[in-house]
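Values below: every heavy atom of this structure, side chains too, minus hydrogens, waters and symmetry copies. By convention in this document, chain letters (A, B, ...) are assigned in the order of the sequence lines, proteins followed by strands, and residues within each chain are numbered from 1.
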Protein chains: 2
Amino acid sequence: MICSKEDPNLTEKVTQRLQGQKGRMTGQRRLILETLESLPGHPTAEDIFLRVREVAPHLNLSTVYRMLRWLQKEGLITVRVFSENERQDRFDPNLTTEHFHFVCQRCKQIIEFDEPSPASAIIADFEKNNSARVENVGLVLHGLCRDCLSQE
Amino acid sequence: MICSKEDPNLTEKVTQRLQGQKGRMTGQRRLILETLESLPGHPTAEDIFLRVREVAPHLNLSTVYRMLRWLQKEGLITVRVFSENERQDRFDPNLTTEHFHFVCQRCKQIIEFDEPSPASAIIADFEKNNSARVENVGLVLHGLCRDCLSQE
DNA sequence: TCCTTACTGCAAATCATTTGCAATAGTATA
DNA sequence: TATACTATTGCAAATGATTTGCAGTAAGGA
């Protein structure tokens, strides 16, 4: 099952957060946020930068990074590394509930899915056996997607 | 459950592979392999480099990287990125059967564990729903380990 | 409208990793 | 055992992603 982004308003959420902490909602930030929401999947900082540049040619890559790190710190996005040999961070707006990822080794497409029950079984077992607390779960499958499989 | 390394002889395996492909078993390679086996957990290239340097002060970091990438290509080790904000690759000798990882967010210790059945349920479900083939699974839990939890 | 200071663009720094190249050293062969 | 071939190494420089210092710019409250 491929999840879609449901929450329409990251910008609004951010505006609220900024109020509380001497922050300012600038044009650059608004643009970055809108771009992050509009891009499908899990864009890299560069993906966002290139898109934003079409509209605002002066906006700098470091501004993009600064915003993304702030969002990360605020818990509004999640940073993911999907595979060794892919060195750019990918930024995942937390717009859907918890989900996991499948990365096709050939065409590199990322498919989101969720498997709540077996995953919670893993977590519960681990917590019980280790007296630990699990705060979050990163589950990434690698393999061949339907299309690449059929071209084998 | 914390798994330990059971297979005693990575060096021997590598020597065999090298025969088949015009490769040479050099002193540097032997050292790197022994170090990789002797270091606990999932060392970074730098961890290995620093340890090797104690014995062979001229051995270069790029030699370490070259060997690690070769091992990766040969499927003898696995490269992992355990968390965003930890930029160094970590190298995991494939000495035990498939296992997963828990990273403590406070003390950074990595606990290995396996959960064969719920994990295979996830894989089987995904393959069925997507007509895909899963080749490998990366499962990383983040949270607080027993010790850090008790110091809360 | 003015002031304060958060935010930005830019260039330079950083950090992990990779690469080009000339020198070195395994190993197969004579 | 010496020789030749070429894989491997050390070194230094390149790369690529991300971060940072700083001086100028611009939110947004007074």
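- OP1 or OP2 of D:dT9 has not a single side-chain nitrogen or oxygen of B:R66 nearer than 4.0 Å.
- Per the geometry, CG belonging to B:L59 stands 13 Å off C1' belonging to D:dC11, to the nearest Å.
- For B:R53 and B:N85, each mapped to the nucleotide of DNA chain D holding its nearest heavy atom, the one lying further toward the 5' end belongs to B:R53.
- OP1 or OP2 of C:dG9 sits under 4.0 Å from a side-chain N or O of A:Q28.
- When rounded to the nearest whole Å, the span between CZ of B:R90 and P of C:dA16 equals 12 Å.
- In this entry the distance linking CD of B:Q88 with P of C:dC15 reads 11 Å, nearest Å.
- Checking D:dA12, D:dT20, C:dC7 against the side-chain heavy atoms of A:T26 singles out C:dC7 as nearest.
- Closest to the A:R24 side chain, of the nucleotides C:dG9, D:dA17, D:dG28, is D:dG28.
- Whole-Å rounding puts the B:R29 CZ to C:dA25 C1' distance at 12 Å.
- The nucleotide whose nearest atom lies closest to any side-chain atom of B:M25 is, among D:dT20, D:dA17, C:dT27, C:dT27.
- For the pair B:R87 and B:Q21, nearest-nucleotide mapping onto DNA chain D gives the more 5' position to B:Q21.
- In the displayed structure, A:K128 atom NZ is contacted under 6.0 Å by at most 12 heavy atoms of other residues, nucleotides or ligands.
- If you check every strand for non-hydrogen atoms under 4.0 Å, B:G27 touches nothing.
- Contact between the side-chain N/O atoms of B:T63 and the OP1/OP2 oxygens of D:dG10 is found at a separation under 4.0 Å.
- Counting to the nearest Å, the P atom of C:dC15 and the CZ atom of B:F49 are 16 Å from each other.
- With D:dC11, D:dA27, D:dT20 as the choices, the nucleotide that has an atom nearest any side-chain atom of B:N60 turns out to be D:dC11.
- Between B:L61 atom CG and D:dA12 atom P the separation is 14 Å, expressed in whole Å.
- Each of A:I32, A:T44, A:L50, A:L31 was evaluated against A:V64; a single residue qualifies, A:I32, per the side-chain contact (heavy atoms from CB on, under 4.5 Å) test.
- With hydrogens and angles left out, the side-chain atoms of B:S83 and B:N85 include no donor and acceptor closer than 3.5 Å.
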Under 3.5 Å, side-chain donor or acceptor atoms of residues 143-150 of chain B against the rest of the protein: list the pairs with distances, not counting sequence neighbours.
unit_1	atom_1	unit_2	atom_2	d
B:R146	NH1	A:S131	OG	3.4
B:S150	OG	B:D147	O	2.8

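- At whole-Å resolution of the value, CZ in A:R30 and C1' in D:dA26 are 14 Å apart.
- Between A:F82 and A:H42, the angle of the ring planes goes over 60°, which puts this pair in the perpendicular group of the 30/60° scheme.
- Checking D:dG10, D:dA7, D:dT19 against the side-chain heavy atoms of B:K22 singles out D:dA7 as nearest.
- Base engagement by A:S62 is indicated by at least one non-hydrogen atom pair under 4.0 Å involving a base atom.
- Between A:K73 atom NZ and D:dT19 atom P there is a gap of 13 Å when expressed in whole angstrom units.
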